[in-house]
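This report refers to the structure that appears directly beneath it.
Proteins come first, then strands; the chains are lettered A, B, ... in the order of their sequence lines, and each starts at number 1.
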2 protein chains.
Amino acid sequence: MSPETDPLVAELAHLLSQVAGRQGAQFNATAAELGLTPAQALAMVGLEAPVTMRDLAAGLSCEPSNVTGIIDALERRGLVTRQPDPADRRVKRLVLTEEGVRRREALCSRTHTQAASLFAPLGGDRLVLRDLLRRVLLDSAS
Amino acid sequence: MSPETDPLVAELAHLLSQVAGRQGAQFNATAAELGLTPAQALAMVGLEAPVTMRDLAAGLSCEPSNVTGIIDALERRGLVTRQPDPADRRVKRLVLTEEGVRRREALCSRTHTQAASLFAPLGGDRLVLRDLLRRVLLDSAS
DNA sequence: TATTGTTATACTCTATAACTATA
DNA sequence: TATAGTTATAGAGTATAACAATA
């Protein structure tokens, strides 16, 4: 590496990737168990309340054109319905079916359990980690 | 959410995703500036010393069949060469060219600068973050 | 027989651009 | 004209299975 490499910074970057990678792998595995691809599962998480296609795309940080296919698949599985917006007929409101609500709750519940397990070793220091991550997110140059 | 949801755990999971997502976006942007796709850039990082196709695949947590295409692209760009292993003619050793070494150093240097900026707001507390992330990685159920 | 790397193939995810139907 | 959503298309990333060369 370059002479000015700070070993602490390098380790922090590596640790962050590792921990986030483990969290992501757990999420994807849970999604698969519930019959969902990772993108479909992320969409389900974003469907707690009815949203438009564009709002969901913004939440997923992707183009609306991609959401069409994701929602097509969830609709085929009977988890989501597209409902017309009475005020603007161009807009579609995405609403979970009863089965969709159950599936979403299973997904979120398992994800939460995994996160609790991931951070459990920290005990009360989880509060310290929360504050440090908040500072990174709020204060660092984006 | 479920009644037993711990808001602290939920926030930690969210913060971790956000911070890692920012780090990943910065890495991908740097890769693009250097003419590399994200997967190609990750492969370059793993090529500090000569490795076999299988070793690189293990480092990238993917199948060896995928590495073939990634290395094909890097070889076309003149950044890597496949060299025969004298001891086992099945094996190919991946070696960076001079241009590959320069490109890799640019990639790592910029990535390090970004990481330094990301964690800068913590000041001396970067040591605390390092210890917390180490504990998460080493002690949590994988 | 087992292993290294490759090829062929398929699926997922994503972006861009052109299209429609509304506004 | 502008906007919401869709379609068509292309590229990147990944996995599986079958294969050739070598061990």
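- For the atom pair B:Glu11 CD and A:Arg134 CZ, the distance stands at 4.0 Å (nearest 0.5 Å).
- B:Val19 and A:Phe27 end up in different hydrophobic clusters when Ile, Leu, Val, Met, Phe, Trp and Tyr side chains are linked at under 4.5 Å.
- Spacing between atom CG of B:Asn66 and atom P of C:dC11 amounts to 16 Å, rounded to whole angstrom units.
- Under a 4.0 Å N-O distance rule, the pair B:Glu99/B:Arg102 qualifies as a salt bridge.
- A heavy-atom distance below 4.0 Å to DNA chain D is reached by these residues of residues 33-45 of chain B, ordered by number: B:Thr37, B:Pro38, B:Ala39.
- Rounded to the nearest 0.5 Å, atoms CE (B:Met53) and CD1 (B:Ile70) are 8.5 Å apart.
- With rounding to the nearest 0.5 angstrom, the CG atom of B:Leu129 is 8.0 Å from the CG atom of A:Leu16.
- At whole-Å resolution of the value, CG in B:Asp88 and P in C:dG5 are 8 Å apart.
- In this model, the phosphate group of C:dA2 is not approached by any side-chain N or O of B:Arg90 to a distance below 4.0 Å at OP1 or OP2.
- In this structure, CZ of A:Arg89 is placed 7 Å from C1' of C:dT22, rounded to the nearest angstrom.
- Protein atom CG of B:Asn28 is 17 Å distant from nucleotide atom P of C:dC13, rounded to whole Å.
- With contacts defined as side-chain heavy-atom distances shorter than 4.5 Å, the pair A:Asp6/B:Phe119 does not qualify.
- Atoms CG (A:Leu94) and P (D:dA4) sit 14 Å apart, rounded to a whole Å.
- Straight-line distance from the NZ atom of A:Lys92 to the P atom of C:dA21: 11 Å, rounded to whole Å.
- Note that the CG atom of A:Asp85 and the NZ atom of A:Lys92 stand 12.0 Å from one another [nearest 0.5 Å].
- Taking CZ of B:Arg77 as the reference point, atom OG1 of B:Thr97 lies at 12.5 Å (rounded to 0.5 Å).
- Listed in residue order, the members of residues 51-65 of chain A having a heavy atom less than 4.0 Å from DNA chain D are A:Thr52, A:Met53, A:Arg54, A:Pro64, A:Ser65.
- Between A:Asp125 and B:Arg135, at least one side-chain nitrogen of the basic residue sits less than 4.0 Å from a carboxylate oxygen of the acidic one, meeting the salt-bridge criterion.
- One atom, CZ of B:Arg93, and another, C1' of D:dT22, lie 18 Å apart when rounded to the nearest Å.
- How far CZ of A:Arg93 is from CG of A:Leu56: 13.5 Å, rounded to the nearest 0.5 Å.
- Taking a cutoff of 4.0 Å between a charged side-chain nitrogen and a carboxylate oxygen, B:Arg126 and B:Asp131 do not qualify as a salt bridge.
- Remark: nothing in residues 69-76 of chain B comes within less than 4.0 Å of DNA chain D through any heavy atom.
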